[in-house]
2 protein chains.
Amino acid sequence: MPDLKTEPETAGKAGPLDLLPVPLQLDRSAPIPLHRQLAGQVRMAALSGALPPNAPLPGSRTLAAALGVTRGVVTLALEELIADGTLETRVGRGTWVAQGAAATPRERITRLPAWLTLPGPAPIDGPTTAPGLHFRPGVAGTRVLDRKAWQTAWSQAARMVPGADAPGGDYGDPAGEPELRSALAAFVGRARGLRTEAGRVVITPGSLGALGLIARLLPPGSRVLVENPGYRAARQVLLDAGHETVPVRVDGDGLVTGSLPPARLAVVTPSHQYPLGVRMSLPRRLVLLRWAQIHDALIVEDDYDGEFRYGAPPLPPLASLEGAADRVLYLGTLSKLLTPAVRTGFVVAPPAFVPALTRARALADGGHDRVTQAALTLLIAGGHLDRHVRRARRWHGEQQAALARTLAPLAPEARLGGIEAGLHACLHLPPNLPAGELAAELARRGVYVSTAESYTFAGEAPNALVLGYGGLTVAEVERGARQIVRVVRGD
Amino acid sequence: MPDLKTEPETAGKAGPLDLLPVPLQLDRSAPIPLHRQLAGQVRMAALSGALPPNAPLPGSRTLAAALGVTRGVVTLALEELIADGTLETRVGRGTWVAQGAAATPRERITRLPAWLTLPGPAPIDGPTTAPGLHFRPGVAGTRVLDRKAWQTAWSQAARMVPGADAPGGDYGDPAGEPELRSALAAFVGRARGLRTEAGRVVITPGSLGALGLIARLLPPGSRVLVENPGYRAARQVLLDAGHETVPVRVDGDGLVTGSLPPARLAVVTPSHQYPLGVRMSLPRRLVLLRWAQIHDALIVEDDYDGEFRYGAPPLPPLASLEGAADRVLYLGTLSKLLTPAVRTGFVVAPPAFVPALTRARALADGGHDRVTQAALTLLIAGGHLDRHVRRARRWHGEQQAALARTLAPLAPEARLGGIEAGLHACLHLPPNLPAGELAAELARRGVYVSTAESYTFAGEAPNALVLGYGGLTVAEVERGARQIVRVVRGD
């Protein structure tokens with residue numbers, strides 16, 4: 001393709017082209033249209049001043065001949081450059097670089113490459129902005145946080161990290177600091193009856209981050225069973241990783257395990273189904289384990305708020321049941337237990353997975369913030385996490401009781417499910433009261449709830465409202481719940 | 001397939017099968033062999049106690065008939081269970097559940113599913129363990145860290161987060177806290193001459209994390225130009241994301257930009273090539289930008305230690321050059337500037353990319369640790385980062401000078417390249433001195449260096465040693481460099 005500086009036919013011929021001090025180079029094999037290439041190069045020259053203001057451009061016919069393109073290509077390019085103010089033109093006076101071209105803000109034209117389609121917003125609830133009462137699931141109250149212990153832990157952590165003996169600012173083990181892994185292994189033993197050891201614990205950036213690491217270990221296009229309704233962001237992570245998600249129904253005993261189709265992985269929330277709130281019964285847990293064995297499959301057990309139980313006896317985690325050792329990856333997170341401000345979770349994995357998870361973490365982001373790890377280790381090893389969980393359980397228990405008693409009069413027509421545990425419950429409505437309409441009416445009254453439908457990605461959604469109470473005070477729960485009662489009754 | 005509990009033929013017939021209190025269910029369509037399914041189910045029953053110790057098993061012929069499988073299947077299963085101690089057998093006495101079966105450690109058999117192949121170790125240098133002098137690249141000294149400012153920042157951050165007015169423990173904007181984004185935007189303006197605004201800054205978990213987020217925005221199988229020799233982990237991230245990497249040579253002026261093949265993305269380290277240490281010249285930068293325009297491509301500019309310059313005047317970042325606005329994603333990291341203990345980096349992106357990068361971060365891990373963000377904001381906005389960079393530049397300048405002067409006598413046969421900037425340099429050796437052999441001899445003497453070959457993934461590697469000096473004292477640099485001189489000279 002002709003280069004105006006070197007193209008033989010123009011060498012030795014004086015002419016307007018010699019007034020262009022910049023080489024123009026068009027590539028016919030490139031995916032970008034020729035007129036766009038030409039406009040871009042002239043624009044760049046004008047912006048950088050290589051083509052100074054008022055410098056005249058050759059006529060389109062001349063330029064086209066020199067570049068070996070059609071006049072239409074040049075005309076299109078010039079039109080674009082005139083439209084964005086790089087060039088000016090007057091009939092009979094030709095075309096020249098505009099006076100203010102060099103000052104044209106670089107920001108004016110921000111386009112994406114033609115081949116690039118960027119995805120839409122993530123299916124994750126944004127921060128709550130509307131004033132009012134938000135029954136937002138997945139939110140835990142940090143009001144009972146022991147500020148003094150929190151403060152001390154961070155101060156000490158800052159003294160410890162970077163270590164004085166690691167002047168090279170060592171990156172640390174991508175699987176996590178050994179002390180934190182130990183502390184978490186001990187914690188899940190105490191709190192969840194899951195006996196494990198530090199070597200099986202890998203620190204992750206929250207449970208969504210853990211799922212992302214796991215998703216990357218599966219062969220592309222793996223079939224994954226997911227709860228439906230279920231955690232939308234988790235499904236999106238799996239889809240983004242190139243896998244296929246198969247919806248599985250959920251009923252009052254959790255995942256419906258009769259006739260599960262074959263798959264490589266099942267992702268479940270057995271402690272407190274997200275969003276219906278039900279617990280996966282023990283028989284169902286055993287059936288799922290057997291399914292995994294028969295199909296040589298894996299299970300991800302996402303135990304995001306299993307600590308919050310209100311009277312109901314704890315069920316053993318899937319990961320602690322016999323036969324689970326090779327197949328269940330147990331995800332825990334401190335987001336609900338402590339605070340989501342520290343983006344910290346962990347996976348208790350079968351030993352065979354630990355090197356690969358470590359590698360995945362190393363390549364994802366090099367490992368976990370070490371000051372945070374140090375602070376959390378101090379909090380956990382010092383017993384503060386245990387104390388916090390107990391306080392939080394009492395605090396959330398009061399909210400839970402308030403919700404249950406305020407909504408009790410609606411029974412049996414409207415039934416509250418998933419109330420025995422966790423930080424959200426589900427109000428199941430009769431068919432004559434569509435959840436979407438009730439939610440809209442509640443929003444008009446300043447009470448914000450979600451519907452089970454918004455978590456359902458296939459088939460018919462349960463007709464229910466999802467009520468997260470973890471972030472509300474007892475008074476707020478009562479106030480909001482009373483509105484729900486009124487709206488359900490049509491007041 | 002027959003279920004021992006419900007299969008019609010056995011109903012009403014008493015027999016040894018009724019002694020098996022657990023349902024056995026074999027699935028011929030499952031990918032796992034029948035004998036393995038059977039062994040696993042019996043094992044699970046024994047471990048859980050459903051089949052108690054000493055419980056007799058039916059003979060293999062009976063079991064095979066009842067299950068509708070061949071006797072060989074049953075025999076294989078029983079052999080496996082005898083081998084691992086779940087069952088015991090005596091000639092003439094049959095087979096029964098072993099006494100200690102229920103106590104069999106769950107850990108004994110940890111296998112991966114047959115369909116799962118896990119990758120090998122990540123191409124990232126592990127923590128340095130051997131005692132001795134490590135000329136490890138990518139390591140910055142934190143010895144000059146202002147401990148008091150560091151301490152204060154974290155203490156204040158712990159007071160601020162979680163906020164008292166965010167009892168719901170709000171997750172925060174996945175793109176990062178506005179104050180940190182602003183502080184970093186101002187910092188790159190001051191420090192690198194890259195004028196930008198907070199809205200274009202997205203906080204990432206280090207620069208490898210940033211590359212991972214960007215890699216996920218590209219269509220699968222995108223072609224990416226990468227420097228060769230180059231940053232291995234970055235290439236692995238791209239490969240793991242399903243893209244194709246095309247090696248491009250590097251010479252004394254950086255990436256060789258003559259005849260670049262078409263691609264969707266180019267990933268470059270123009271401030272200080274990793275690992276050769278050279279700077280990408282300004283003409284080369286302009287050519288790369290033009291290449292991007294012609295091919296409608298993107299550029300990732302990984303500026304991981306551009307702050308450390310020793311006398312050489314700074315070159316403008318690619319991202320600041322005209323024509324870059326739509327196409328260059330500039331990666332910065334605090335790992336070298338401050339400490340890798342905080343896994344924090346950032347990308348300055350064209351505005352069109354910011355929503356997609358935010359979404360990618362949200363799905364990857366929900367966003368960045370907020371206590372860390374608060375502490376870093378205080379450090380940066382308080383001028384401490386600027387001061388730290390100046391101190392670090394002086395500190396590293398002394399190491400750089402020590403390395404240069406101690407190795408100077410080796411010239412011109414062995415030439416030190418990449419010494420004008422950054423935290424590592426490259427000792428280019430004559431062909432008669434293979435780098436690998438020199439490195440091995442140095443290791444025997446307790447001095448650890450890497451070779452350019454280990455960063456080269458295609459074609460012929462430069463014959464050179466890569467010498468990172470950021471983590472060493474001046475005395476250590478001199479001592480190590482003197483050994484290098486001796487080994488090069490054959491002493």
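Quick note on labels: first sequence line is chain A, next is B, and so on, each numbered from 1. Note that the coordinates shown come from a computational prediction; the quantities given were computed from them, not determined experimentally.
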Between [X] and chain A, which part of the residue has a heavy atom less than 4.5 Å away: side chain, backbone, both or neither?
X       : value
L217(B) : both
R264(B) : both
A114(B) : both

[options]: which one forms the most heavy-atom pairs within less than 4.5 Å of chain B?
options                            : result
A153(A), G209(A), A158(A)          : A158(A)
A374(A), P113(A), A297(A)          : P113(A)
P219(A), G206(A), P220(A), S222(A) : P219(A)
V237(A), V371(A), V342(A)          : V371(A)

Min side-chain heavy-atom separation L34(B)-L38(B) under 4.5 Å: no
Salt bridge (charged side-chain N to carboxylate O under 4.0 Å, His left out) assessment of R359(A) paired with D240(B): CA-CA 11 Å; R359(A) 173 197 191 276; D240(B) 281 6; 3.0 Å; yes
Atom [atom1] of [X] and atom [atom2] of [Y]: how far apart are they, to the nearest 0.5 Å?
X       : Y       : atom1 : atom2 : result
L238(A) : L211(A) : CG    : CG    : 4.5 Å
R290(A) : Q293(A) : CZ    : CD    : 9.5 Å
D326(A) : L112(B) : CG    : CG    : 8.0 Å

Taking L218(B), T473(B), T372(B) one by one, which has the highest count of heavy-atom pairs under 4.5 Å against chain A? T372(B)
Flag for R361(B)-H368(B): side-chain donor and acceptor within less than 3.5 Å: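 Looking only at side-chain atoms, R361(B) and H368(B) do form a donor-acceptor pair, the distance falling under 3.5 Å.
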